[in-house]
Amino acid sequence: MSNLPEDAVDSSRPFPSMLLIALLAVGLAISGAAPFLVVPICLEHIPRPGLFGPLVDVIVGCMLFSSPLLGLLLAWLSSFGQFRSWNFIWLLGAWSTVPVALISGRLERRADVDMWMFTSAYAWTIAVLFMTLVLTLTRLSRTTTSRPFNPLFLFVFVVYGCAVGLGVTIWWLESQPELPWTMPEIDTVVICCLVATGVLFLTVYGYVGRWSSRFLIEESSTWTPSPGWLRRLRWLLLGGMPACVIIGATSYVNTDLAPIPFWWLLPWTFYFVTWMVALSRMTHDRAFLSVWLAQILALPLLIPALLLARALDPHGTLQWGMAISLAAFLIAAFMPHFMTLAIQGALLAVVLLQLYSQLPFGLDWAILVHVSFSVVTCWGCHGDAVKHAAAPDRLPDFLFFVIAGIFAGIIVYAFVVPRIFAMGPGPILEYTIAVVASVVIRVIPWPKSASA
Amino acid sequence: MNPPQRSHVVIAMVLLAAALTSSGVLAFAFWPICVELIPPRPGWFGNFPEAFTIVCIFFFAPLLGFLLAWLATLVRSNRWIGSLLFMAWIGATVAVFVVQPDFERPTDLQLWLNVSVYALVIVLLFISMVLALRLLGSLSWTHDFNPLFMFSFVVLGCAIGLCHIYYYWENVGTRPWYVANIDLGARIGVVVTLAFYLIANRLFGAWNLANLPTDTRAQSPPPGWLRRMRWMLLSATPAIVVIGMIGFVSAEIQHFTIFWSLPWTFYFLSWLVALTRMTHARNSARVLVQALAVVLLLPLLWWITEFDRFERPWTDFSMFMMALLVAVFALHRMTLPLQGSLLALVLLLMHLQMPLEDFWAILVHVSYSVATCWGCHGDVVKDAPERDRLPEFLLCVLAGFVVGVALYLVVLEFILKSMERQPIVDYTIVLVAGVVVRIMPWPKSAGERDRGWFDMGATCERADEGRHGDAK
């Protein structure tokens, strides 16, 4: 594989067993779903009226969703030293605080304090889980294998977990299902899953260490040069801009075209699908079976969107239009990556025309154009980000900046920019800036690599 | 090997640049002379068949020159080819002065005799041009020098030649005097150009004679047919888009007498920009050549008077020209999304009857053609092969232009002639092709495999980082 040194591929050396990879995949999916699954549990414990009043939901959500970022930050910081044995000790130390935090969080409930302890305990667990996950994947990249293997590919399962977690959480919060278990039981199951996943990662981390001690590549030969701040800024923007476009398109369609319940689920599903496509296609040189399987795995994520469409149109009067739209979105998400820039440019022109001219676009065509543009933007930017990812030993660096970009993008677009443009044309101008910027960041001449 | 003296290099390069520019000008200089020589005759088609044949001959003459130059590079040693070329030059120079045109009483025999002599001169000019550039590429330089850069002077010459045609076309009343003078100038130009080539070749050869390889065949791996086809398509598509756009704007939007000169000037300008930017990393020469290219736009100032029919303020005209300049001088990597945006606008304008004033509609159409020219030309120059494969590259590029234009004007029109709204369908196909040809997964270079439709192997950039470096 081109992104590994030549001595990383050695036909005489065994590849990590498939069981190990399968277990890792499950653990990664659980990790991805964790921030979403924990939200309803934490919201259950919110005392009302609490210290922060109605803002408490937002704060809990922010704490839980930013916990993976904290984990990635810790992983990145820990990668500043070369791989040494104290990493393992540090990880064990971090994990040892989790039971303490969880137990203290489950002590006798004392209203606000208890809820914050509880949420903090979950957030810390998720953060440590992500840190362990990234360090495990990074260590996996340092082993020689009998065939090319890029651990970034495995991040597909994290994205998959995120998408599934989002779907389950929405279903949970909106339909309030009658579950056969009580909330404490669910709580316990989730905690057990998280801790078990953490133990699995730690085991793999240790196992890879022992296994690779025989085959470990010379440290100096795999440690690539630092990527540079401009390149990190590029990762940040390529991670953040698609999220901004999705939010912009979603709110524009909801406020200016047609308010459709749960409409936002569709673009966000495609957002995750494009990440999966990017991570599976851009991390391998050749079309392995796993690459195709990972992309096929993304398709079931569309089922909730299809069910939603069926619920919105029970008589099937719009089924042809919906089928065409879905086909367009699938083409947008699965087209060859080198076509995205031209298609993005073409759709940008149509989106701007729709926004600013008095052209008589039909409602369905307008929605189709906006969603197609956001899907193409997601695939284009995510593909670019993964294509220009750092070498596997710099995985924590890359993942931290991409995820930080997503968070920064959402915060800036949802909170900062509306205040800046509060007196002006408002949401349409914000959306315009986002769509134009999403094309511009792809064409401006960024440094390609540290040496370039 | 002793490095050449700087003064010799400068003199040789200036002489070669002058010879190349002059070759480009001469490629267009003989057209009006020959058209003036066509005997007046009544008939259904008037003088059109002769004029068309002459234009075709002058289009194919450079192609023949490139083909012969390429064939010359296939033989082991081209010393005898040099002698043969020298003899042909002597013959052509003599013929140019012996076969004098008679504008007063033109006859068929004299017309075709003159056309043959002039065509032979153009063939020789283009052979000499390619062989000189190839020699330039085989020399040792103190810095990385790509001889393809010098081809920008040929394009500059062609653009000047086009301006001359445009001047001829517009000055019907003063034609005899003008054409007679051009004829004299062209004959003198042939001799001077030959002298420039000879001196430049002599100077280049002098410092490096001992190091020139005895086997003059190309040593780098051959490019492969798919790559050659890419060069041809990337060269043909912009020309076809420009022709289609001129036809569409003239027929469907507004008819201008000399509208064609605007997009063709930008066509040459985009070649100039591509050849200067894509062959050098950073130097003052490329900035100078691009600045020189802007001079080509001066004749277009006169053309602005044509805009009077729109009755618009001068700010709109400035914006019109500014938009085209931005399109042709934009960063090359921006051309693809720009092309995509403009394509969407053009298609909406054409097929959804989008209400837009003629002035802005023309701007959109012209901008798309300019962006396509710069995008495709940039791509083709970026993909150029090693220096020793230069003749092959130039042949494919010119062949793409000539064959593409011929196919568009004859074959596509014939295939679609039964269709309703045939010109619009023609033009639509060409517009879409302008983007498709750039995003198709062509092999990038001889050593690389295809990109493939699913982007497997996109991780190659990480290999650039290398394995060395510290972890700090």
Side-chain angles (χ1 to χ4, degrees), chain A residues 1-7 79-82 150 219-227 281-288 291 336-339 341-350 352-353 357-359 383 386-394 439-440 442-445 448-452, chain B residues 330-349 352-356 360 364 367-368 371-372 375 379 431-432 434-442 444 448-472:
Chain A
M1 187 170 64
S2 53
N3 60 340
L4 282 178
E6 285 168 14
D7 51 356
S79 70
F80 272 113
Q82 293 195 1
N150 186 343
E219 285 192 357
S220 59
S221 70
T222 49
W223 206 259
T224 50
S226 175
R281 282 196 201 168
M282 299 293 185
T283 50
H284 278 66
D285 272 356
R286 291 187 291 273
F288 288 128
V291 174
H337 184 253
F338 53 82
M339 289 185 174
L341 195 55
I343 307 271
Q344 222 184 323
L347 288 170
L348 173 69
V350 185
L352 292 181
L353 270 179
S357 75
Q358 304 302 319
L359 281 185
V386 181
K387 194 155 75 172
H388 300 122
D393 57 357
R394 292 275 176 188
V439 178
V440 171
R442 292 193 66 199
V443 294
I444 52 177
K448 281 186 175 174
S449 63
S451 55
Chain B
L331 290 178
H332 183 253
R333 55 195 308 142
M334 289 185 178
T335 52
L336 195 55
L338 184 66
Q339 241 183 301
S341 300
L342 291 168
L343 174 67
L345 285 179
V346 168
L347 292 180
L348 283 173
L349 273 173
L352 294 184
Q353 274 77 45
M354 207 171 85
L356 195 67
W360 298 115
V364 170
S367 300
Y368 176 76
T372 305
D379 276 359
L431 288 171
V432 176
V435 176
V436 171
V437 77
R438 293 192 63 197
I439 59 174
M440 278 170 72
W442 296 99
K444 277 184 177 173
E448 283 180 53
R449 56 176 169 61
D450 289 27
R451 273 190 290 179
W453 284 84
F454 292 99
D455 287 308
M456 300 303 167
T459 52
C460 49
E461 285 193 21
R462 267 164 282 177
D464 298 343
E465 294 182 357
R467 298 161 44 197
H468 306 294
D470 58 18
K472 307 328 185 256

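Sequence lines set the chain letters: A, B, ... in the order given, protein chains first and strands last, and positions in each chain run from 1. Computed from a predicted model, the values in this text were never measured in an experiment.
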What are the two closest heavy atoms between B/R333 and A/R442, and how far apart are they?
NH2-O, 4.5 Å

Taking C-beta and beyond as the side chain, do B/M334 and A/I444 meet within less than 4.5 Å on heavy atoms?
yes

Rounded to the nearest 0.5 Å, the CG atom of B/L345 sits from the CG atom of A/L353 at a distance of 5.5 Å

Closest approach of A/A349 and B/S341, non-hydrogen atoms and distance?
CB-O, 3.3 Å

If I measure from the heavy atoms of chain A, does B/L348 come under 4.5 Å with its side chain, its backbone, both, or neither?
side chain

Closest contact, heavy atoms only, A/A346 versus B/A344
O-CB, 3.3 Å

Is there a side-chain contact between B/L336 and A/V443, using heavy atoms and a 4.5 Å cut-off?
no

Starting at CE of A/M339, measure out to CZ of B/R438 and round the result to the nearest 0.5 Å.
13.5 Å

Which bit of A/L347 comes within less than 4.5 Å of chain B, counting heavy atoms only: side chain, backbone, both or neither?
neither

Evaluate the side-chain proximity of B/P337 to A/L348: yes if any heavy-atom separation is below 4.5 Å, no if none is.
no

